[in-house]
Number of protein chains: 4
Amino acid sequence: MTAPRRNERSRRAILAAALELLSETSYPDLTIEAIAARAGVGKQTIYRWWRSKGMVILEALVDSAGEPGDMALPDTGDLRADLRTVLRATVAEFADPRLSATTRAITIETLADDDLAEQVRDQLLRPQLSAVRERLRAGRRAGQVHESVDLDLAVELLFGPIYHRWLLRNGPLTEAYADDLVDLAMAAMAPGRSRLEAAP
Amino acid sequence: MTAPRRNERSRRAILAAALELLSETSYPDLTIEAIAARAGVGKQTIYRWWRSKGMVILEALVDSAGEPGDMALPDTGDLRADLRTVLRATVAEFADPRLSATTRAITIETLADDDLAEQVRDQLLRPQLSAVRERLRAGRRAGQVHESVDLDLAVELLFGPIYHRWLLRNGPLTEAYADDLVDLAMAAMAPGRSRLEAAP
Amino acid sequence: MTAPRRNERSRRAILAAALELLSETSYPDLTIEAIAARAGVGKQTIYRWWRSKGMVILEALVDSAGEPGDMALPDTGDLRADLRTVLRATVAEFADPRLSATTRAITIETLADDDLAEQVRDQLLRPQLSAVRERLRAGRRAGQVHESVDLDLAVELLFGPIYHRWLLRNGPLTEAYADDLVDLAMAAMAPGRSRLEAAP
Amino acid sequence: MTAPRRNERSRRAILAAALELLSETSYPDLTIEAIAARAGVGKQTIYRWWRSKGMVILEALVDSAGEPGDMALPDTGDLRADLRTVLRATVAEFADPRLSATTRAITIETLADDDLAEQVRDQLLRPQLSAVRERLRAGRRAGQVHESVDLDLAVELLFGPIYHRWLLRNGPLTEAYADDLVDLAMAAMAPGRSRLEAAP
DNA sequence: ACTTAATCGAGACGGTACGTCTTGTCTTGAG
DNA sequence: CTCAAGACAAGACGTACCGTCTCGATTAAGT
């Protein structure tokens, strides 16, 4: 079995061109022809290695995401502070038009391409969410999170509102918002009494 | 000032054709030419009245949403039960491929068209969210929700995770999920003690 | 039987607008919509009274041609001089881009519309050619034209080359050309011997 | 310098389809879309290589005209007979609706497209007219044509009337007409006396 | 080094949809 | 009923991309 004689130089040029063009035009206006032209590459070279422009963007994102280890959250012992750090960073990323352009792009394609959606979920989303989940697990061990809380649901409670607000442009994405969200979510996870008893 | 002499018959045929086609093909495969052909209408008649196919879908959705009054939530006095009713319905809608097709479509276009996003937010999203917020406000008056809770944020806590899970296909959308989400969110809103004191 | 309640004001405005636009754009770019807009007239008013834009141009030309009597040739007794006068005028008309624009336009339409062709022939062309034929007949009576010459053919001998050269852009249309043509044609018509015997 | 990698198969299919369609519909009804569809070719392939449908027709005509050498006239020594042969053929071509359809088409476009007109003149018309002119030159050498006759003008004297009559539908195009025309034109060219003296 | 087969840049190809334009008909409301 | 205005169904325009294909030229193994 011979390794594919793929031109690494072309591969990098294509990914770079794709990200470049994304920052200049909207995603639907991003064409494979334009990527090929910008990268100085034949169209076939793109079609040979990627199924769609969504896949190109995905690879560009994964490529620039760096090592998976980088993703681990800090654990200062103060759960609230650590979550604030993460959610502030997330909010900042979504608020920055430059950074959110690629997220927007990949999200669009994801909505109409199940295969791509799966890959985005496994390669980009899950690692991030898992890192937060592990931090929550550590918090539970430290008695800062109620025993019965479903950690996956708790993670969604933290990130869902941000996606919702970003996606639907339903309000500003600020640090204060991130902090309020952390406070409210932590109230949901708080230990000290039965959560179900708390409601009438 | 003369009213535009618009043909209501054509308008209805176009909206119906758009929804029909959406249920047959994916959104990117939905073309204005196909809508015109199916509706038995000239292309120009679509371009004359709508800026994009996203706008056509939006109008179709708004048209079929019916009266704004229909949107008010039931108030049985049992907040948890009422929220479960709403979130179960929401989850069911997102889980149904037929029903979520239009939502998916409008969401795609929304990501690349700020003007459309604004209209979707104001005409479709806000009325729904407001209805839930008003139910929460009633709950607060009844002492079932903590005084200090930001009701808008609370609403996002309920719907954000669902959008997040649907959008990123990060898990199944079931009744049990809706119920768990209601429980966790209500824990966050629960009255009876200072929420901030509850955390170390 | 009531006379058609036709608006003379609109009719004139349409014909004027058509000629105006013809001098500004090429004939294929002349649209009925533009004529209607320029004339401040509804499109239907044009379609009501004319079958095609060719018919509009034809009526404009006939309208501006004036009385049929104007067409009679001068008869100074000098046939050659009189023919030079006519052919020089004809050549000048074809050479002038402004004047030949309408001729070009009507010719185009004529090539694809038999009915229009017939009307152009009868209302515009035949009267002109007849005037020349009558001058030739007078010349024959005066002994300047051979008895056996078919006068219709002779007329074509005078105008055919001009049309040919204009139509196919096969050379300049100058006074000298007109004069040479008159000389050559008159040689063909010259009396004094049997024409057929003249050739070996 | 690499030769353009043009698909000869497509080129032939396009020219054939254009001629086919021309014989079925009128020229203004001939659309590029229809040519592309009939030829089994993308529209862009036509637009890539031709500026207009007129240019397509021109190339089809030039392509089918064959070798330029084919154009040389017979020289039996009998000038009148040879010219009759040519003019009878010309008249027959114009009289045949099938054959004159393409001529009509190219003529229409020629009237509104100077560049096309030039190419038609140089590639189609001039070679034909030159062939006749050379026959006349041979006739002059043989003493059958007057020394002072401008041969280009003489050629126009032969073909101009035919174009005129065809273009303006000003009479039937028959063999008798061709013969009469040859006789009259030869009278104009006849040697044996000063042409100018012949007229009073 | 030589061979050889896949990959490369380039871009033509058959298609499809775009958004615009014009056609000829139809509809509305003012005069 | 005619008119100006302009919406309508129809469909061609010329352009932009799609994804496939064909062309030499380059390149990197495996001999």
Side-chain angles (χ1 to χ4, degrees), chain A residues 2-11 13 28-37 39-53, chain B residues 2-11 13 28-37 39-49 51-53, chain C residues 2 4-7 9-11 13 28-37 39-53, chain D residues 2-11 13 28-37 39-49 51-53:
Chain A
T2 73
R5 291 202 265 114
R6 181 170 182 177
N7 187 332
E8 179 63 15
R9 184 189 181 70
S10 294
R11 182 180 153 276
D29 290 349
L30 172 68
T31 66
I32 292 204
E33 296 218 323
I35 296 175
V41 137
K43 285 199 299 176
Q44 197 58 247
T45 303
I46 299 183
Y47 284 108
R48 192 168 4 245
W49 302 109
W50 290 279
R51 244 192 350 90
S52 66
K53 61 178 177 171
Chain B
T2 75
R5 287 188 279 98
R6 183 169 180 177
N7 188 331
E8 180 63 15
R9 183 187 181 72
S10 295
R11 182 180 152 275
D29 290 350
L30 172 67
T31 68
I32 292 201
E33 294 215 311
I35 297 175
V41 137
K43 286 199 295 178
Q44 199 57 247
T45 301
I46 299 183
Y47 284 108
R48 191 173 359 250
W49 301 109
R51 252 195 337 95
S52 66
K53 59 179 177 170
Chain C
T2 73
R5 289 206 262 120
R6 181 168 183 178
N7 188 330
R9 182 188 183 73
S10 294
R11 182 180 154 276
D29 290 349
L30 172 67
T31 66
I32 293 206
E33 297 216 311
I35 297 175
V41 138
K43 286 199 300 177
Q44 199 55 249
T45 302
I46 299 182
Y47 284 108
R48 192 167 6 246
W49 302 110
W50 291 277
R51 249 195 342 93
S52 67
K53 59 178 179 173
Chain D
T2 74
R5 286 190 280 98
R6 183 169 183 176
N7 188 331
E8 179 65 15
R9 184 187 182 73
S10 295
R11 184 181 151 274
D29 289 350
L30 172 67
T31 67
I32 292 201
E33 295 215 313
I35 297 175
V41 137
K43 284 200 295 176
Q44 199 58 245
T45 301
I46 299 182
Y47 285 109
R48 193 170 1 249
W49 302 109
R51 253 193 341 92
S52 66
K53 58 179 179 173

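Numbered from 1 within each chain, the chains take letters A, B, ... in sequence-line order. Here the structure is a predicted model, which means the values were calculated and not measured.
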ask   = Okay, side chain of B:Lys43, backbone of B:Ile32: is any donor-acceptor separation there less than 3.5 Å?
value = no
Rounded distance in Å - CZ (A:Arg6) to C1' (F:dA29) = 18 Å
key: Spacing of D:Leu30 atom CG and D:Ile35 atom CD1 [to the nearest 0.5 Å]   = 4.0 Å
request  = State the CD1-NZ distance between D:Ile46 and D:Lys53, to the nearest 0.5 angstrom.
outcome  = 11.5 Å
key: Nucleotide F:dA4, atom C1' - distance to CD1 of C:Ile35 in whole Å   = 16 Å
key: Below 4.0 Å: OP1/OP2 of E:dA12 and any side-chain N or O of D:Thr45   = no
ask   = Quick one: on DNA chain E, does D:Ala39 or C:Ile32 contact a more 5' nucleotide (nearest heavy atom)?
value = D:Ala39
query = Which whole-number value in Å describes the distance from B:Arg9 CZ to E:dC26 P?
reply = 15 Å
query = Along nucleotides 20-28 of chain F, 5' to 3', which nucleotides get a B, which get an S, and which get a -, given that the test is a protein heavy-atom distance under 4.0 Å?
reply = BBBS---B-
note = Between C:Val41 and A:Asp29, whichever has its closest DNA chain F nucleotide further toward 5' is C:Val41
ask   = Within this structure, what is the CD1-to-P distance between A:Ile46 and E:dG9, rounded to whole angstrom?
value = 9 Å
note = note: B:Arg11, atom CZ; F:dC8, atom C1'; distance rounded to Å ~ 17 Å
key: Terminal helix-axis angle for the helix from E:dA1-F:dT31 to E:dG31-F:dC1, with five pairs defining each axis and rounding to 10 degrees   = 20°
inquiry  = I want to confirm an ordering. Mapping D:Ala36 and C:Arg51 to their closest nucleotides on DNA chain E, which one lands closer to the 5' end?
reply    = D:Ala36
task = Please determine if a side-chain N or O atom of D:Thr31 lies less than 4.0 Å away from the OP1 or OP2 oxygen of F:dG11.
result = no
task = Using whole Å, report how far CH2 of C:Trp50 lies from P of E:dG24.
result = 15 Å
Nearest heavy atoms of A:Ala13 and A:Ala39, plus distance in Å = O-CB, 3.6 Å
inquiry  = Please determine whether the number of non-hydrogen atoms from other residues, nucleotides or ligands lying under 6.0 Å from atom CZ of C:Arg9 exceeds 12.
reply    = no
query = Does A:Arg11 make a cation-pi contact with A:Trp49 (under 6.0 Å, within 45 degrees of the axis)?
reply = no
query = Do the side-chain N or O atoms of B:Trp49 get closer than 4.0 angstrom to the phosphate oxygens (OP1, OP2) of F:dG6?
reply = no
note = Separation of E:dT27 atom P from C:Arg48 atom CZ, nearest Å, is 14 Å
request  = Return the value, rounded to whole Å, for the distance between atom CD of A:Glu8 and atom P of E:dT7.
outcome  = 15 Å
message = On DNA chain F, does the nearest nucleotide to B:Gly40 precede the nearest nucleotide to D:Glu33 from the 5' side, or the other way round? Give the residue.
response = B:Gly40
message = Side-chain N or O of C:Ser10 versus OP1/OP2 of F:dC3: is the shortest distance under 4.0 Å?
response = no
